[in-house]
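Single-structure report; data block below.
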Amino acid sequence: MSVGADRFLKDLHQLRTFGATGTGIVRRAFSDMDIAARLWLAAEMQEAGLTPQFDPVGNLFGLHPAEKSLLIGSHSDTQPEGGWLDGALGVLMGLAIARASVQAGGPPVSVVSFQDEEGRFGGLTGSRVWAGDISLSEVDDLCDFDGISFADARSKMKELAGDFVNPAQFTGYIEPHIEQGPVLDTSGEKVGVVTEIVGTRELLVTLKGQQNHAGTTPMPMRRDAFQALAEFSHELNGRFQNVVASQTVWTIGHVEVHPNAASIVPGQVRFSAQWRDGDAGRLACMEDIVRETLADVCATHGIGARLSESQQILPVKMDTGLREKLEIAAEQSVPGSWRKMPSGALHDASYVARLMPTAMMFVPSIGGISHSFEEDTAEDDLVIGLNVLARAAFG
């Protein structure tokens, strides 16, 4: 069954025009460009013979008319400075395969573009609500770093919103994605079949010291919130060494210093501390270390701390049956040039796996670069991935 590789690539390049910034994309969840892209996607779904449906949180489904169908997709929102492929690849691979299915009367396939996967309001927001991990009333209270609530953001799409789609109509979910890492590109392999998605934990921390004059406040008398953060970061690296594994990662990724002036001792710092691993027990142990290290550093510096938990996502194993279909399709398409591998990045599949059998497939990222304007994948590799996915979906 032909899946229309030329049309697929054309659609990918069309989608990248929404929010195009140089070689990259700025298309944050619920931004004007995000909504425009979703409206374009909805029109393409309808043209392909699917029924587009927005739900109350902005997830967009393209539903096959059959009673049961395989769901394929990902997300189309981006990071503040994002790449042109990322989740968009999975959405348009799904659309290409669904279009071919409708045209040729093949096995039914539906498509989804989840909303706010990239974390304007915490990460994987659309799939998280759909999976029942958080209620609509709870998610409405979440705010981005500018203080805009999820309720206010989604109100921009209220005229488009319908009901939530019933997950029971789907036989399973496959999420194609760029790897977002260097493994496939370095090895020269063309496809990765995901075995599991790591879990993650995150704390949002506010350190409260004493704002004061930078020229007249003696060093021993300072309660410098930024110096406390710097010591915390250094100390944490040391304390983690006997606990972590080779695949474990941790990041202080968002920092706000107040009042952020050259001649003022910082009185307050807000930051995020995030860690990821495939072992749930290790994640819990690392949280204990994070909390103990914060307490020790704050006591040394005379700093107060306020901690709030962001979402916790457990490691998720992919469905054996769907994985096997992807593995067979990969061996048929690129024999000996694919591998089984874990995903160190989070994906909507982490939550969808609570609802139905779920699998993931990767294509290479050039240089391992993602979440960057420089993100790219060779078009030949994109088409190989499309053909592998089609074999798995139609096999």
Side-chain angles (χ1 to χ4, degrees), residues 8-9 11-29 31 33-34 37 73-93 113-114 116-120 123-124 175-195 197-198 200 202 246-255 272 274-278 334 337-350 360-386 388-389:
F8 160 67
L9 293 173
D11 285 348
L12 265 178
H13 286 289
Q14 181 63 35
L15 182 54
R16 78 184 296 183
T17 65
F18 294 94
T21 305
T23 59
I25 308 292
V26 177
R27 196 166 59 226
R28 295 291 273 156
S31 66
M33 284 294 98
D34 171 60
S74 189
H75 64 97
S76 53
D77 65 307
T78 74
Q79 289 284 331
E81 293 188 1
W84 73 287
L85 292 167
D86 205 315
L89 173 67
V91 177
L92 290 180
M93 275 191 178
S113 174
F114 288 110
D116 192 33
E117 192 271 357
E118 294 289 17
R120 179 180 172 186
L124 312 181
E175 183 166 358
H177 212 281
I178 57 170
E179 182 197 342
Q180 299 182 286
V183 175
L184 295 176
D185 187 56
T186 301
S187 68
E189 292 162 319
K190 300 302 182 182
V191 172
V193 178
V194 176
T195 54
I197 304 173
V198 299
T200 184
E202 183 174 283
S246 59
Q247 76 277 7
T248 314
V249 295
W250 59 97
T251 307
I252 294 174
H254 179 88
V255 178
S272 63
Q274 181 189 96
W275 54 103
R276 306 186 190 204
D277 193 88
V334 283
S337 190
W338 64 279
R339 71 165 60 202
K340 302 174 188 179
M341 62 188 300
S343 172
L346 295 175
H347 300 281
D348 291 303
S350 296
M360 286 197 71
M361 182 197 77
F362 287 159
V363 296
S365 296
I366 294 175
I369 296 173
S370 183
H371 287 183
S372 165
F373 287 170
E374 286 72 43
E375 173 189 286
D376 204 5
T377 296
E379 288 193 350
D380 286 349
D381 288 339
L382 297 177
V383 172
I384 288 171
L386 177 66
V388 169
L389 185 59

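The structure displayed is predicted, hence computed values, not measured ones. Reckoned from all heavy atoms, side chains included, excluding hydrogens, waters and symmetry mates.
Taking W275 as the reference, nothing meets the side chain to side chain donor-acceptor pair (under 3.5 Å) condition, with sequence neighbours excluded. Looking at residues two or more places apart in sequence or on another chain, you find a side chain to side chain donor-acceptor pair (under 3.5 Å) between E374 and S372.
Counting heavy atoms from C-beta outward, D86 and E375 have side chains that approach closer than 4.5 Å. Between M361 and L389 there is a side-chain heavy-atom pair separated by less than 4.5 Å. In this structure the side chain of Q79 never reaches within 4.5 angstrom of the side chain of R120, judged on heavy atoms. Using a 4.5 Å heavy-atom threshold, the side chains of F8 and M93 count as touching. A heavy-atom distance below 4.5 Å is found between the side chains of L12 and W84.
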Begin with the C-alpha distance, continue with both residues' side-chain angles, and end with the deciding distance and a verdict on side chain to side chain contact (heavy atoms under 4.5 Å, CB included) for M341 and V183. CA-CA 9 Å; M341 62 188 300; V183 175; 3.9 Å; yes
Apply side chain to side chain contact (heavy atoms under 4.5 Å, CB included) to residues I369 and D376 and explain how you reach the verdict. CA-CA 7 Å; I369 296 173; D376 204 5; over 6 Å; no
List the steps and the verdict of side chain to side chain contact (heavy atoms under 4.5 Å, CB included) for I384 and V334. CA-CA 8 Å; I384 288 171; V334 283; 3.8 Å; yes
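Note that OG of S343 is 5.5 Å distant from CD1 of I197, once rounded to the nearest 0.5 Å. Taking CG of L89 as the start and OG1 of T377 as the end, the distance is 7.0 Å to the nearest 0.5 Å. Going from atom CG of L85 over to atom CD of Q180 covers 10.0 Å, rounded to the nearest 0.5 Å.
Nearest heavy-atom pair, A88 versus L15, reported as atom, atom and distance to 0.1 Å: CB-CD2, 3.6 Å. Of all the heavy atoms in G73 and P176, the pair that sits closest is O-CD, 3.7 Å. The nearest pair of heavy atoms linking D381 to P364 is OD2-CG, 3.9 Å. A pairwise comparison of heavy atoms in L9 and E379 identifies CD1-OE1, 3.7 Å as the closest pair. The two residues I178 and S370 make their nearest non-hydrogen contact at CD1-OG, 3.8 Å. Taking both residues in full, the closest heavy atoms of F18 and I25 are given as O-CG2, 3.5 Å, listed atom of the first, atom of the second, then distance.
For T23 (side chain) and F373 (main-chain N/O), a donor-acceptor pair under 3.5 Å exists by modelled atom type. No donor-acceptor pair under 3.5 Å is formed between the side chain of R339 and the backbone N or O of V191. With hydrogens and angles ignored, the 3.5 Å screen pairs a side-chain donor or acceptor of D77 with a backbone N or O of E118. For the pair S31 (side chain) and R27 (backbone), a donor-acceptor distance under 3.5 Å is absent.
Checked by atom type, the side-chain pair E179/S365 shows no donor-acceptor distance below 3.5 Å. The closest side-chain donor-acceptor pair between S113 and S76 falls under 3.5 angstrom. For the residue pair D348 / H75, no side-chain donor-acceptor distance below 3.5 Å is found, with atom types taken as modelled. Using a 3.5 Å distance cut-off with no hydrogens or angles, the side chains of E189 and S187 do pair a donor with an acceptor. Side-chain contact, R276 with Q274: a donor N or O sits under 3.5 Å from an acceptor N or O. Checking D277 against W250 by side-chain atom types alone, no donor-acceptor pair falls below 3.5 Å.
Between F362 and H347, the ring planes lie tilted relative to each other; the angle falls in the 30° to 60° range.
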